[in-house]
Number of protein chains: 2
Amino acid sequence: MSRRDRPAKPALTREGVIATATALVREEGAGRLTMRRLAQRLDTGPASLYVYVRDTAELQAAVLGEFLGAVDLTPAATAGEWTGRVRRIVDSYTGVLLAHPSLARVAVVTRPSGPHYLALIESLLVVLGEGGMPDDRAAWTVDLLLLVATASAAEHGTRREEDGAEEAADDALAESLRGAPADRYPRLAALAGELLSGEGPDRAGWFVDLVLVGAAGTPRP
Amino acid sequence: MSRRDRPAKPALTREGVIATATALVREEGAGRLTMRRLAQRLDTGPASLYVYVRDTAELQAAVLGEFLGAVDLTPAATAGEWTGRVRRIVDSYTGVLLAHPSLARVAVVTRPSGPHYLALIESLLVVLGEGGMPDDRAAWTVDLLLLVATASAAEHGTRREEDGAEEAADDALAESLRGAPADRYPRLAALAGELLSGEGPDRAGWFVDLVLVGAAGTPRP
DNA sequence: ACCTGAACACCGTTCAAGT
DNA sequence: ACCTGAACACCGTTCAAGT
């Protein structure tokens, strides 16, 4: 099919670039989001993208922010007892990341941009405030909740995806924990099973509960 | 200086490769650790390195493990009340990462390999056990402590290093938080200052205290 | 058997030169 | 003024061919 047979190449806009980037990530994974591949989808050269985004990091942040639109912040999802509401919001966030494991790996390193990220923070601040948490503590607690959720999604997502290289890294860890000499590392040898145990969601859920209990009991310095 | 003037090229070994990689990271930062650059330092082609390491991820894990040798696990550092001992071990770990900020960014994504990492886990398990924490909880708590310490070191390290691109990303976050419209995001607008506040060590220290308080009060599922 | 030159298949980003 | 072809300066990894 030649250039002439297709509809006229649409003018580029920042929104269009980011929408196409989001589609690319959805279809092929975040690992395939590169300036060159994105440019190809948009039928231009990579240089043209720099008119709309500063660099790859900014592009990733925007795509991440786009995905956060799927986090459920509706009142129905956030009804009930406050700890449960925090839990459901964080679970929804985790779910979005786990649905696209490569995305979680981006999120550990890149802060999302855009309104959905702000809305997520806002919702958590509101619920924590309604739970009676002092403002200064609530702010840092939101930070910690998202940090923990992101990191454990990245870890669990990696384990599920198993794309060869990461499977190897995983096996290496398990092997070095399980193979640790009991004379030099007695506690580790005894607890290797526990260290490696837990489905991602169980562990992540426990982490979130722990953060809420800890935050309630730890005044800010 | 020609090839003949230098001492004979030493035979490669895995240890030598990793030692040179560690020196490279110490001198130029983890961002400069590439197969090609490492090969250049070792006076070979990149292909030769694949005899000693599986791939870049394994190399990074090994270098990370090497750096963990600087974490202070001596009895003197781990004396006193148990929460303080945990705190000092984690602080020492954080200190190592903050001394080489680019390293912290590697650590969020890569598990260290080697004996120093095992020794770190062992020490934490021992202290938590002596503090009376049940085994199953202690295992997951160690995980969470290292996860939190690593992630906050990466964030704070990035802020300090300010290498242009990351400064931009930082500014973008601060700007979007501070510029959030107060009508749509009232809590966020009120707490933007708090969200961005805190020197890395203050925040990381609070996180660690919180995890210990939370772990003490949250039974495993 | 061990090692590696050269190639393959990619990257991000810049900037001079075009329209 | 806006856009982009082509170039610059890199990557990781593989494998056929050498010693």
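Lettering of chains follows the sequences in order, A, B, ..., and the numbering in each one begins at 1. None of the values given here were measured: they were computed from a predicted structure.
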Are any of B:Tyr50's side-chain N or O atoms less than 4.0 Å away from OP1 or OP2 of D:dC15? no
Numerically ordered, the residues 25-34 of chain A set in heavy-atom contact under 4.0 Å with DNA chain C is A:Thr34
Tell me whether the OP1 or OP2 atom of D:dT13 has a side-chain N or O from B:Arg36 closer than 4.0 Å. no
CH2 (B:Trp206) and OG (B:Ser152) are apart, to the nearest 0.5 Å, by 12.0 Å
| query | When you check the side-chain N and O atoms of B:Ser176 and A:Tyr117, is any donor under 3.5 Å from an acceptor? | reply | no
Rounded to the nearest 0.5 Å, the NE2 atom of A:His116 sits from the CD atom of A:Glu122 at a distance of 15.0 Å
Regarding the side chain of B:Thr56, the nearest nucleotide among C:dT13, D:dT13, C:dC3 is D:dT13
Side chains of B:Phe67 and B:Val25: closer than 4.5 Å at any heavy-atom pair? yes
Atom CG of A:Leu49 and atom P of D:dC3 are separated, to the nearest Å, by 12 Å
From the list B:Thr141, B:Val90, B:Thr94, B:Leu120, side chain to side chain contact (heavy atoms under 4.5 Å, CB included) with B:Leu146 holds only for B:Leu120
query = Would a 4.5 Å heavy-atom cut-off, applied to side chains only, mark A:Leu144 and A:Phe207 as touching?
reply = no
B:Leu42 CG to C:dT4 P, in whole Å, measures 11 Å
Taking a pair to mean Watson-Crick or G-U wobble geometry with both distances below 3.5 Å, C:dA7 pairs with D:dT13
Atom OH of B:Tyr52 and atom P of D:dT13 are separated, to the nearest Å, by 17 Å
note: A:Met35, atom CE; D:dC10, atom C1'; distance rounded to Å ~ 16 Å
Can you check whether A:Leu177 reaches B:Leu118 side chain to side chain, under 4.5 Å on heavy atoms?
-> yes
Rounded to whole Å, CD of A:Glu58 lies from C1' of C:dT13 at a distance of 14 Å
Are OP1 or OP2 of D:dC3 and a side-chain N or O of A:Ser48 less than 4.0 angstrom apart? no
(request) With the side chain counted from C-beta on, respond yes when A:Leu195 and B:Trp140 share a heavy-atom pair under 4.5 Å apart, and no when they do not. (result) no
*Does A:Thr44 put a side-chain nitrogen or oxygen below 4.0 Å from OP1 or OP2 of D:dT4?*
no
Side-chain contact check for A:Ala47: nearest option of D:dC10, D:dG5, D:dT13 is D:dG5
Winner on side-chain proximity to A:Val51, out of D:dT13, C:dT13, D:dT4, is D:dT4
Whole-Å distance, A:Asp55 CG to C:dC11 P, equals 17 Å
In whole angstroms, the gap separating P of D:dC3 from CG of A:Leu12 amounts to 8 Å
Side-chain atoms of A:Arg37 come closest, of C:dT13, D:dT13, C:dC10, to C:dC10
For D:dG18, the nucleotide meeting Watson-Crick or G-U wobble distances (both under 3.5 Å) is C:dC2
Rounded to whole Å, CG of A:Leu38 lies from P of C:dG12 at a distance of 10 Å
(Q) Can you check the distance between D:dC8 and C:dA9, where both ends of the measurement are the P atom (answer in whole Å)? (A) 22 Å
